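To start, I am sharing the structure in question, which I have written as structure tokens.
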Amino acid sequence: MTSLFAIVDGNNFYASCERVFNPELEGRPVVVLSNNDGAVIARSNEAKALGIKMGVPAFEIKDLVRRHDIKVLSSNYELYGDMSRRVVETLSRFTPNLEIYSIDESFLDLGDFYNVDLNEYARTIKETVKRWTGIPVAVGVAPSKTLAKVANRISKKSAKANGVLVLTDERHIEEALKRTEVADVWGIGPRYTRKLAAFGITTAWHLRNVTDAFARKHLTVVGLRTVRELRGMSCIDLEMVPAAKQNICTSRSFGKTLTELGDIRGALATHTVRCASKLRSQKSCAGVLTVFLQTSRFNDPGQCYFNSRTIKLDCPTSSELELLRYATGALQSIYREGYRYKKAGIILQDIVPDNQVQLNLLCSPNIDRDMKLMRALDSLRDRFGHKSVRYGVQGIKEEWALKQENVSPCFTTRLEDIIRVRS
DNA sequence: TCTGGGGTCCTAGGACCC
DNA sequence: TCTGGGGTCCTAGGACCC
């Protein structure tokens, strides 16, 4: 074996971020809710112990909250994003060969670290992150990413491992796989779990031992890769440079249902501006735009409406002015009076690098002007926040604003919040 | 009353072309 | 008029991730 990966993942990440700045939350059950305070998306260990499941609607746990004095927080992505950056910064001191996999997980390529004491090294990573950022993490080390995920998972459940597990020894790998349900393997979702159960495959160890032909047939080439990774053969490389996104989507449920086109247009315009910012930050232009609008999925069938409109742009662009024009036009064409709308959004596709845009006769004559304006807007928003410059169409009163009843201050990124907290 | 948001990749099938 | 196969491109749908 030559390859070696570590995965470092923040324990109950959002709840832990909140705890770093609010010691009162220590030792208490804490849950963090999704946008609009809809559903539970993060739980402290104490909250998990009370049986609160991932994704349950907030209203379903009201009794539990009262009885156990659970601290319920709205999500604060500005805070979590900044804490995530600090964790990555810390990890990058250990190796530059690092992949930021998600807001709370990074893979490290430990390449030829076979001659160091891996247990001690992994423990040093864990303790350093805790000391420098306040975030508790778990570290799993193994010859493939998929096995590292298995190690990481067990490290959190086993008191003996206490957040650090190295799986390089064949006997240990076998034992770990036998203890891991197939549903908990990275890459095996609910559908495959059911399918595999029909063949009597219920543990990661069973899955490791299927034939290549079986894996290929029932789980496609993706599943075959997973099986090989479970055997210790590394098939999924570290991606140090994040690939440019091929789709960029911004959508939100409204804080309350909306009926008026003007209010919905305000929300969609704001999503469009955000989406265009994301597009420009990866130096791309989009050639296709989709706008969608929908009522609640939980409405009676007669009151359900979903529609979308996809438009091929005359010329790929990242100009908010142009995208706003297309988006509001598309919205107009799918809006129907008489429904109570819950959500709207925009998806940008056919994304190309901004220096490879094919110009043609239909392109806007204002490209240079728009790009200068976008640069100015980007730098203003960078300094003063994304709400500092707005278009008229976004509206002043945000009828659609998120419901956030208990959001914590942005302790690390907003001066006004920091001042407020300290006084 | 209240039920998240943002992504990726693979496959199968049809259209179309030579 | 009939015969055949192979290739590419696109799209929809299905699976997964956090």
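First the proteins, then the strands, lettered A, B, ... as listed; each starts at 1. Bear in mind the structure is a predicted one, so any value in this text is a computation, not a measurement.
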Is a salt bridge present between A:R28 and A:E18, judged by a nitrogen-to-oxygen distance below 4.0 Å?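 Salt bridge flag = no for A:E18 with A:R28.
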For a quick check of understanding: with a heavy-atom distance under 4.0 Å over all strands, which category does A:K342 fall into, base, sugar-phosphate or nothing?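 Sugar-phosphate only.
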Could you please name the option among B:dG4, B:dT3, C:dC18 that lies closest to any side-chain atom of A:K149?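 Of B:dG4, B:dT3, C:dC18, C:dC18 is nearest to the side chain of A:K149.
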Looking at the side chain of A:R191, which of B:dT3, C:dC16, C:dC18 is the nearest nucleotide?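 Shortest atom-to-atom distance from the side chain points to C:dC16.
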Evaluate the criterion salt bridge (Lys or Arg N to Asp or Glu O under 4.0 Å) for residue pair A:K71 and A:E24; output intermediate values, then yes/no. CA-CA 10 Å; A:K71 188 75 181 163; A:E24 276 174 35; 5.9 Å; no
A:I41 has a side chain; which of B:dG4, C:dC18, B:dT11 sits nearest to it?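 Of all the options, the side chain of A:I41 is nearest to B:dG4.
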Assess the side chains of A:T412 and A:D82: does a donor N or O sit below 3.5 Å from an acceptor N or O?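 Present: a donor and an acceptor within the cut-off.
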5'-most contact on DNA chain B: A:R297 or A:K62, nearest heavy atom basis?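 The 5'-side residue here is A:K62.
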Between A:S333 and A:R309, do the side chains contain a donor N or O and an acceptor N or O under 3.5 Å apart?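 Their side chains do contain a donor-acceptor pair, which is all the 3.5 Å distance test asks for.
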Is A:F298 stacked on the base of B:dT3, meaning ring centres closer than 5.5 Å and planes within 30 degrees of each other?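 Yes, A:F298 stacks on the base of B:dT3.
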What's A:S296 touching, base or sugar-phosphate or nothing? Going by heavy atoms closer than 4.0 Å.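 Since no nucleic acid heavy atom lies under 4.0 Å of A:S296, the category is nothing.
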Check the side chains of A:K283 and A:N355 for a donor-acceptor pair under 3.5 angstrom, ignoring hydrogens and angles.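 No, no side-chain donor-acceptor contact under 3.5 Å.
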Closest approach to the side chain of A:Y192, judged atom by atom: which nucleotide of C:dC18, C:dA15, B:dT11 is it?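 Nearest nucleotide to the side chain: C:dA15.
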Please pick, from B:dT11, B:dG4, C:dC16, the nucleotide with the shortest atom-to-atom distance to any side-chain atom of A:P190.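 Nearest listed nucleotide: C:dC16.
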Could you check which of B:dG7, B:dG6, B:dG4 has an atom nearest any side-chain atom of A:S251?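 The answer is B:dG6.
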Cysteines A:C249 and A:C275 with SG distance under 2.5 Å: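 Unbridged: A:C249 and A:C275.
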Send over the distance from A:L219 CG to C:dC17 C1', rounded to a whole Å.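 Between C1' of C:dC17 and CG of A:L219: 16 Å.
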Pick base, sugar-phosphate or nothing for A:R216, based on heavy-atom distances below 4.0 Å to the nucleic acid.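 Result for A:R216 = sugar-phosphate.
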Which one, B:dG4, B:dT8, B:dC10, comes nearest to the side chain of A:Q246?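 Among the listed nucleotides, the one closest to the side chain of A:Q246 is B:dT8.
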Under a plain distance cut-off of 3.5 Å, with no hydrogens placed, do A:S74 and A:Q404 share a side-chain donor-acceptor pair?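 No pair is found: no donor N or O on one side chain lies under 3.5 Å from an acceptor on the other.
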Between A:N36 and A:R340, which has a closest nucleotide on DNA chain B that is more 5'?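 Closest to the 5' end, via its nearest nucleotide, is A:R340.
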Looking for any heavy atom pair under 4.0 Å, which part of the strands does A:K256 touch: base, sugar-phosphate only, or nothing?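 No contact at all - A:K256 keeps every heavy atom at 4.0 Å or more from the nucleic acid.
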Between B:dC10, B:dC2, B:dG7, which one does the side chain of A:C249 approach most closely?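 From the listed options, B:dG7 comes nearest.
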Just compare B:dG5, B:dT11, C:dC17 and give me whichever is closest to any side-chain atom of A:W186.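 So the side chain of A:W186 is nearest to C:dC17.
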Spacing between A:W400 atom CH2 and B:dG5 atom P, to the nearest angstrom: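 About 12 Å, once rounded to whole Å.
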Rounded off to whole Å, could you give me the CD1-to-C1' distance for the A:I347 and B:dG5 pair?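 Rounding to the nearest Å, CD1 of A:I347 and C1' of B:dG5 are 12 Å apart.
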Return the stems involving DNA chain C, sorted by first number, where pairs are Watson-Crick (N1-N3 with N6-O4 or O6-N4) or G-U wobble (N1-O2 and O6-N3), both under 3.5 Å, and runs are 3 or more long.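 When the pairs of DNA chain C are grouped into runs of at least three, the stems are B:5-18 with C:5-18.
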What nucleotide among B:dG5, B:dT3, B:dC10 has an atom nearest to a side-chain atom of A:V222?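 Output: B:dC10.
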Pick one: which of A:R375, A:R390, A:R280 meets salt bridge (Lys or Arg N to Asp or Glu O under 4.0 Å) with A:E320?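 Considering A:R375, A:R390, A:R280, a salt bridge (Lys or Arg N to Asp or Glu O under 4.0 Å) with A:E320 is found only for A:R280.
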